[in-house]
Chemist: 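Here's a structure for you.
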Amino acid sequence: QVQLVETGGGLVQAGGSLRLSCAASGRTFSSYGMGWFRQAPGKEREFVAGIRRIGGFTTYADTVKGRFTISRDNAKNTVYLQMNSLTPEDTAVYYCAADRWGVAGMMKGTYDYWGQGTQVTVSS
């Protein structure tokens, strides 16, 4: 069992930056692929970024590529999402997720554990 806790959300103006953190419980964090998803009101939860357990290979949604960066610190059992050049369209609840197979793909159904989410609001 893995428990995930997201922090770092908040209110920011367009063009600003935020860094989200996701702290994981357990001693097997390094074996999990980790992903970030987001869900805006009235919309489906969508993939934002993922990082595999091996090699740190990363993938991004086209909408955030070049603006967001996912990283992980296995010593701290934490995954991060650095978000730059934020726009109002980035407003959503952001969720951290863990994939026990280590792949960190784009499909939310492949993730086994989820955090409670953290709200990000970008004002224009």
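The structure presented is a predicted model; accordingly, all values stated were derived computationally and were not measured.
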Chemist: Under the side-chain hydrogen bond (donor to acceptor under 3.5 Å, both in side chains) rule, what pairs show up with a residue in residues 94-104, not counting sequence neighbours?
Modeler: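 The answer is R38-Y94, R100-D112.
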
Chemist: Strictly by disulfide (SG to SG under 2.5 Å), give each pair with a member in residues 3-53 just once, sequence neighbours left out.
Modeler: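 Every disulfide (SG to SG under 2.5 Å) pair that includes a residue of residues 3-53, provided the two are not neighbours, is C22-C96.
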
Chemist: Do the non-hydrogen side-chain atoms of W36 and L20 ever get within less than 4.5 Å of each other?
Modeler: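 Yes, side chains in contact.
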
Chemist: Give me the atom names and distance for the closest heavy-atom approach of Y111 to G33.
Modeler: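 In terms of heavy atoms, the two residues are closest at CE2-O, 4.4 Å.
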
Chemist: For the pair L4 and M34, evaluate side chain to side chain contact (heavy atoms under 4.5 Å, CB included) and give the outcome as yes or no after the intermediate values.
Modeler: CA-CA 10 Å; L4 304 172; M34 300 299 297; 4.0 Å; yes

Chemist: Output every pair passing salt bridge (charged side-chain N to carboxylate O under 4.0 Å, His left out) with a member in residues 114-124, not counting sequence neighbours, ordered by first then second residue.
Modeler: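 Non-adjacent pairs meeting salt bridge (charged side-chain N to carboxylate O under 4.0 Å, His left out): zero.
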
Chemist: Not counting sequence neighbours, which residues clear side-chain hydrogen bond (donor to acceptor under 3.5 Å, both in side chains) with S17? List them please.
Modeler: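 So S17 forms a side-chain hydrogen bond (donor to acceptor under 3.5 Å, both in side chains) with N84.
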
Chemist: Below 4.5 Å, heavy atoms only, C-beta onward: do R45 and F37 meet side chain to side chain?
Modeler: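 Yes - at least one pair of side-chain heavy atoms lies under 4.5 Å apart.
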
Chemist: Hydrophobic clustering (ILVMFWY, side-chain heavy atoms < 4.5 Å, transitive) - are V64 and V12 grouped together?
Modeler: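 Yes; tracing contacts between hydrophobic side chains, which count when under 4.5 Å, links both residues.
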
Chemist: Is there any side-chain hydrogen bond (donor to acceptor under 3.5 Å, both in side chains) pair reaching into residues 66-77, and which pairs are they, with sequence neighbours excluded?
Modeler: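 Found R67-D90, R72-N74.
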
Chemist: Sequence neighbours left out, what passes side-chain contact (heavy atoms from CB on, under 4.5 Å) with K43? Give chain and number order.
Modeler: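 Testing K43 for side-chain contact (heavy atoms from CB on, under 4.5 Å), a comparison that skips the adjacent residues, returns A40.
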
Chemist: The criterion is ring-ring contact (aromatic ring centres under 6.0 Å, His included); which residues satisfy it with Y80, sequence neighbours excluded?
Modeler: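 Counting only residues at least two positions away or on another chain, Y80 forms no ring-ring contact (aromatic ring centres under 6.0 Å, His included).
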
Chemist: What I'd like to find out is whether the side chain of K108 reaches to under 4.5 Å of the side chain of E44, using heavy atoms alone.
Modeler: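 SC-SC contact between K108 and E44 confirmed.
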
Chemist: For residues 113-124, tabulate all N or O donor-acceptor pairs below 3.5 Å that involve a side-chain atom, not counting sequence neighbours.
Modeler:
from, atom 1, to, atom 2, distance (Å)
T118, OG1, G9, N, 3.2
Q119, NE2, A92, O, 3.4
Q119, NE2, T121, OG1, 3.3

Chemist: Could you give the distance from OG1 (T59) to CZ (R52), rounded to the nearest 0.5 Å?
Modeler: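 Answer for the OG1-CZ pair, T59 versus R52, is 7.5 Å.
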
Chemist: Strictly by disulfide (SG to SG under 2.5 Å), give each pair with a member in residues 41-78 just once, sequence neighbours left out.
Modeler: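 Listed once each, the pairs would be none.
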
Chemist: Taking it one step at a time, do L81 and V48 satisfy side chain to side chain contact (heavy atoms under 4.5 Å, CB included)?
Modeler: CA-CA 9 Å; L81 186 68; V48 175; 4.1 Å; yes

Chemist: Indicate yes or no: at least one non-hydrogen side-chain atom of M107 is less than 4.5 angstrom from one of F47.
Modeler: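 In short, these two side chains do not touch, never coming nearer than 4.5 Å.
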
Chemist: Please name all residues satisfying side-chain hydrogen bond (donor to acceptor under 3.5 Å, both in side chains) with Q3, sequence neighbours left out, ordered by chain then number.
Modeler: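 Partners of Q3 under the side-chain hydrogen bond (donor to acceptor under 3.5 Å, both in side chains) test: none.
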
Chemist: Below 4.5 Å, heavy atoms only, C-beta onward: do Y60 and I70 meet side chain to side chain?
Modeler: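 Result yes, sub-4.5 Å side-chain heavy-atom pair found.
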
